[in-house]
Amino acid sequence: MLDTKFLRENLEAAEKRLALRGGSISLSEFKTIEEERRKLIAEVEALKAKRNTESLEIARLKKENKDVSKILTEMQQISSQIKELDDKVKGEEEALEKILLNLPNIPHSSVPAGKTSEDNVEVRKVGDIPEFAFKPREHSETGEMLGILDFERAGKLSGARFAIYKGFGALLERALINFMLDIHTRENRYTELLPPFMVTRACMTGTGQLPKFEEDLFKIDGWDHFLIPTAEVPVTNMHRDEILKEDELPIYYTAYTPCFRKEAGSYGKDVKGLIRQHQFNKVELVKFSKPETSYDELEGLTRDAEKILQRLGLPYRVVVLCTGDMGFASAKTYDIEVWLPGQGKYREISSCSNFEDFQARRANIKYKPKDGGKPRFVHTLNGSGLAVGRTVVAILENYQQEDGSVVIPEALRPYMRGLEKIQKSNMKG
RNA sequence: GGAGAGGUGGCCGAGUGGUCGAAGGCAGCUGCCUGCUAAGCAGUUGUAGGGGUAAAACUCUACCGAGGGUUCGAAUCCCUCCCUCUCCGCCA
């Protein structure tokens with residue numbers, strides 16, 4: 001959510017910056033409603049002030065046993081006027097809130113202008129793309145060949161876009177979760193959380209999934225809870241309606257959770273394999289920071305996520321998303337894209353964003369400056385560290401051998417009972 | 001799911017219709033004082049919104065779990081909801 005005062009005072013500039021995201025965003029309705037709102041507030045508060053002083057007067061007169069009936073009828077009138085105006089104010093405020101909740105964040109000045117993912121800018125490329133003497137297979141083929149992934153039977157259980165991991169496949173997923181969490185907690189000083197996988201509407205609004213993107217979420221029938229589409233939601237909302245101490249910042253959290261997404265509007269995209277599932281595992285990184293340091297924190301967070309790929313020896317690149325490709329709540333986003341030989345292209349495996357105070361304002365997360373100043377909104381950041389299913393994809397594709405077996409990256413072996421290779425003969429796990 | 005108790009400021013805790021933003025205590029801050037430590041004395045300390053200002057000062061309004069209602073006036077009365085605790089039942 002954007003700051004009302006800021007918008008009011010920088011209307012045209014804000015409009016221009018928002019337009020960079022594409023589509024046309026007009027703030028004229030905002031302006032009208034906001035002006036009306038302030039007018040009404042001034043009116044009703046003057047009446048309330050009068051009511052307060054007159055009420056004291058009534059109390060005083062009553063004590064002296066004087067007649068108050070005249071002033072009483074006058075007050076009745078004022079009281080009903082107040083009620084009427086209060087309703088109007090409420091109406092304007094609701095309308096304003098609706099507008100504000102549906103406005104995306106303003107892109108940071110360092111974000112390249114652009115319309116689609118074509119306009120994203122590569123920041124760096126790390127690792128060597130492996131060369132194969134044979135035609136590399138896609139992970140789904142390898143997975144099914146080895147008997148570690150079963151999409152067909154998963155369909156029997158839950159339909160399309162679900163998977164069953166089996167044997168060393170299941171172990172691989174579990175190993176990656178532990179591997180990632182260990183690095184983030186031990187080396188990168190994040191605190192591990194294991195949050196609820198269902199949250200309330202208020203949480204979803206706090207991080208920006210609602211009210212705009214309800215169709216992407218799984219809702220629990222008969223209950224006002226949703227399955228989380230990312231750990232960002234519960235973890236960021238953990239400090240909702242809190243005022244943190246300056247000394248506590250920055251706060252680093254990491255959390256493993258499954259993620260649930262309807263993937264509405266992605267029909268026909270990535271139908272095969274693990275790339276796009278309704279349920280997938282992710283290790284998330286979340287930071288709460290002071291405004292002054294949040295962009296340094298974004299760089300750090302991205303590096304922390306990259307570290308996982310480096311340790312696993314997976315080639316990747318980092319791109320900065322252009323204004324048109326960024327998510328609703330983000331002010332700046334780096335995507336980390338891993339190389340997938342089976343597809344012959346880079347695919348997103350992590351998305352690291354600084355939301356500045358956009359989520360903090362929605363979720364009301366502040367910190368109290370040490371010098372005793374007014375509480376200020378914190379900046380929130382998060383990024384995948386990493387999407388686990390897609391990491392499995394990357395390993396199956398980058399480490400595949402001609403005979404269909406897959407070498408386990410060395411760093412992961414301690415988490416896989418020292419296993420060096422997954423092959424048909426040892427698929428029982 | 002059944003029965004009961006309760007939700008007040010950073011914390012503890014008074015307050016059952018009228019100067020209550022809220023007594024008292026603790027903690028914090030600022031002075032004074034005492035040779036250090038401790039104690040003592042005085043003052044001060046919430047959030048949001050409107051107006052005002054270059055920014056302050058200042059001023060008004062709202063906020064005692066949330067939302068409605070009664071009333072000239074509500075922390076205090078009424079209704080609905082949420083949460084916490086205790087006991088019983090059920091359960092991984």
Notebook entry, point to check: Pairing of RNA chain B as dot-bracket, 5' to 3': ( ) intra-strand, [ ] crossing, | other strand, . unpaired, with Watson-Crick or G-U pairs under 3.5 Å?
Noted result: ((((((((.[[[..)..(.....]]]((((((.......))))))((((((......)))))).[[[[[..)....]]]]])))))))....
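- In terms of the salt bridge (Lys or Arg N to Asp or Glu O under 4.0 Å) criterion, A:Glu97 has no residue partners (sequence neighbours excluded).
- Going from the C1' atom of B:A14 to that of B:G2 covers 34 Å, rounded to whole Å.
- In this structure, A:Tyr253 and A:Phe288 have side chains that are in contact, with non-hydrogen atoms separated by less than 4.5 Å.
- Remark: the separation of the P atoms in B:G17 and B:G69 is 23 Å, to the nearest Å.
- Residue A:Lys83 is classed as a sugar-phosphate contact, given heavy-atom separations below 4.0 Å to backbone atoms only.
- For the C1' atoms, the distance linking B:G15 with B:A75 amounts to 8 Å, nearest Å.
- A salt bridge does not link A:Arg261 to A:Asp216: none of the charged nitrogens lies less than 4.0 Å from a carboxylate oxygen.
- Between A:Arg37 and A:Glu93, at least one side-chain N (NZ, or NE/NH1/NH2) sits under 4.0 Å from a carboxylate O, which counts as a salt bridge.
- Using C1' as the reference atom, B:G49 and B:U44 are 25 Å apart when rounded to the nearest Å.
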Note to self: Could you walk me through whether A:Ser330 and A:Asn105 satisfy the side chain to side chain donor-acceptor pair (under 3.5 Å) test, starting with their C-alpha distance in whole Å, then the side-chain angles of each, then the deciding distance to 0.1 Å, before giving a yes or no?
What the structure shows: CA-CA 6 Å; A:Ser330 176; A:Asn105 203 355; over 6 Å; no
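- If you check every strand for non-hydrogen atoms under 4.0 Å, A:Lys245 touches nothing.
- Note on A:Gln76: only backbone sugar-phosphate atoms sit closer than 4.0 angstrom, heavy atoms only; bases stay farther off.
- A salt bridge links A:Arg376 with A:Glu292: the closest approach of a Lys/Arg side-chain nitrogen to an acidic carboxylate oxygen falls below 4.0 angstrom.
- Rounded to a whole angstrom, the distance from the P atom of B:C60 to that of B:U8 is 29 Å.
- Every residue two or more places apart in sequence or in another chain that forms a side chain to side chain contact (heavy atoms under 4.5 Å, CB included) with A:Ile220 is listed here: A:Met198, A:Trp223, A:His225, A:Leu227.
- A:Asp357 is linked by a salt bridge (Lys or Arg N to Asp or Glu O under 4.0 Å) to A:Arg361, counting only residues two or more places apart in sequence or in another chain.
- Only the P atoms considered, B:C88 is 35 Å distant from B:U16, to the nearest whole Å.
- Rounded to a whole angstrom, the distance from the P atom of B:G6 to that of B:G24 is 26 Å.
- If you check every strand for non-hydrogen atoms under 4.0 Å, A:Arg8 touches sugar and phosphate atoms only.
- Using a 3.5 Å distance cut-off with no hydrogens or angles, the side chains of A:Tyr256 and A:Asn178 do not pair a donor with an acceptor.
- When RNA chain B is scanned in the 5' to 3' direction for atoms under 4.0 Å from non-hydrogen atoms of chain A, the outermost contacting nucleotides are B:G18 to B:G73.
- Taking the charged nitrogens against the carboxylate oxygens, A:Glu246 and A:Lys370 have no contact shorter than 4.0 Å, which rules out a salt bridge.
- Within 4.0 Å (heavy atoms only), A:Lys50 reaches no atom of the nucleic acid at all.
- B:G10 and B:C36: their P atoms are spaced 35 Å apart (whole Å).
- Salt-bridge check for A:Glu54 with A:Arg60: failed, with every basic side-chain N at 4.0 Å or more from each acidic carboxylate O.
- Only A:Ala59, A:Lys62, A:Leu72, listed by number, bring a heavy atom of residues 59-74 of chain A to less than 4.0 angstrom from any atom of RNA chain B.
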